[in-house]
Amino acid sequence: MDPIIWIVLIGAVAGGAYVASLNAITRKEAQVDAAWSGIEVQLARRHDLVPALVTTAQAALSHEKSLLAELAAAQDAARMALQRHDKAEILDSEAALGAVIGRLVRQIATGAQGVAVQNLALLQRQIEVTEDQIAAARRIYNSNAAAYNGRLAGFPGKFIAEWHGHQPVELWTSGKSITALDVTSADHLAKGLDGSRQS
Amino acid sequence: MDHDLAHRSGAIWSPLGLVVPPASETYAKPNRRRVPGVFKNLVGMVLLVGLVLLVLGIVIAPLLFWGFGMVFVAGFTMVAISMLERSEQMTLWLFSELARDKRWRFRRAIPPEPESTGGKKARQTWRQVDPATIALHAQLEPLMRVHPGYLFPFEPQGYFWGETRDGMPFFLSLSLIEIQAAMASESIRQDQHGNRSANGHMVQMLMAYPLGADTGVEAFLRSEFLNRNSRRGYQAESIDFNRRFELRMIAGEELDLVRAISPATQTAMIDLADRYQVQFLLRRDVIWVMGHDRIMQPDLSTLGDLMPKILRDFSVGVSDFRKYLGG
């Protein structure tokens, strides 16, 4: 076969591999971004639950002002971080917010009476679902990020990524994760409900 | 609701307007002869070789004779084994015992058979088919038929109506398929329950339950071929989810679909796909889930101990993400 045909064939194969690999990297990067957006949506949903939690807490724990102030501060910080789309800041602020919400829910469950407990039961379900969604969104993000990083580490992705400035993304490791809320267990809440009914 | 005609017949929930029997059917354990697994595997191998010869016969014509012969002999022997072992009666006995144990309503799926008149088989080719089977095929054909992502056709053998421990009503259809794994890999010979054998059974499960809220969406989620994203249909944000499911919307708004297929729904479906190779049909306020599990025990009568556990695990798994989809 003519050497020119060989050169053209090899060039076409190499060019095709280059384009396919670049497309795959770009697609996976977009999926990592989409997964991160999914996290932000769930975090915003968590923030939306805070006012209802505050109302419930005010009705149940009129004497507990410091925890409410702590919640307001944590929520402000988390909202600001979310607006700035700074991943590290979001992780830190959401971990802090989650811890405060968890403490507050426990306090309400042990100290609340009557209507407040019933409101809390509803709120509890919403919080649990939101926390499940955040945990799932985090898992999806990590899985997508691992697939993307894997593509960058392989051949020819490694070279193509370097040429086009694609960088590996950081996974959410346990040390930097948004901790799932340690909210009151359903059993505990049921006891609280029973207690309020008896009283 | 209109699409599924989901209703309560008396106190029992039933989808697609399927008629709930007034009482469970009961079947006695049949007397039967057991055929050694080695012999069944041998017949399976003859069948396989016969099929290979049929393919080769396209090029070497004389092999067609041997291919047809081997397939015919193997098929005839398989029917004879099934009659000796009374597999159908054993399956019905297992199902009725399961229903009795769980206090579910049960009836068998009437197998297709030629229309008969006055005790004589009619010459016409039409067949009597169970109305429930017709309804399922009409609504769930994309899940029940063989396609590249799912190689086992689903033909219902029994229908169940019941409630889970937490009071969730459901409709369930089961089918048992015998597996001969003499030439299969070690992973196929073992099941998730600690059994290991060259002969076993596949339990196919089709379950429907109400979500408690209208998602506003009708969509199919079918298994992808070898976990490869075909890029057909709707793409969710999870790469793993897209590899496992081809998601096609039948009706509804995309916004509702995005809301329904939330991150938690996606991860729950991924886990179920890895365990049971599930497929779904979401019909507004009812979800249909089809999946299978393997029991690598050669004797049908021993399945009675494992069936309740399999169904419990499956129903817990499929209802676990109900709160993310509906109520």
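In what follows, chains carry the letters A, B, and so on, assigned in the order in which the sequence lines appear, proteins first and then strands, with residues in each chain numbered from 1. Here the structure is a predicted model, which means the values were calculated and not measured. Every heavy atom of this structure was used, including side-chain atoms; hydrogens, water molecules and symmetry mates were not.
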Separation between CD1 (A/Ile140) and CD1 (B/Ile270), nearest 0.5 Å, reads 6.0 Å

Assess whether atom CD of B/Glu253 is packed by more than 12 heavy atoms of other residues, nucleotides or ligands within 6.0 Å.
-> no

For B/Thr267 and A/Ala136, the nearest pair of non-hydrogen atoms, with its separation, is OG1-CB, 3.4 Å

Here the pair of heavy atoms bringing A/Gln133 nearest to B/Ser262 is NE2-OG, 2.9 Å

Whether over 12 other heavy atoms sit under 6.0 Å from B/Arg228 CZ | no

Is it the backbone or the side chain of A/Arg27 that comes under 4.5 Å from a heavy atom of chain B, or both, or neither?
-> side chain

Any chance CZ of A/Phe159 has more than 12 other-residue heavy atoms, nucleotides or ligands included, within less than 6.0 Å?
-> no

To the nearest 0.5 Å, tell me how far A/Gln31 CD sits from B/Asp240 CG.
-> 10.0 Å

Would you mind checking which part of A/Ala137 comes under 4.5 Å of any heavy atom in chain B, side chain (CB onward), backbone (N, CA, C, O), both or neither?
-> both

Locate the shortest heavy-atom distance separating A/Gly38 from B/Glu237; write the atom from each residue and the value.
-> CA-OE2, 4.4 Å

Selection from A/Ser143, A/Ala30, A/Ser37 maximising heavy-atom pairs under 4.5 Å formed with chain B | A/Ser143

Is the CG atom of B/Leu151 crowded by more than 12 outside heavy atoms at less than 6.0 Å?
-> yes

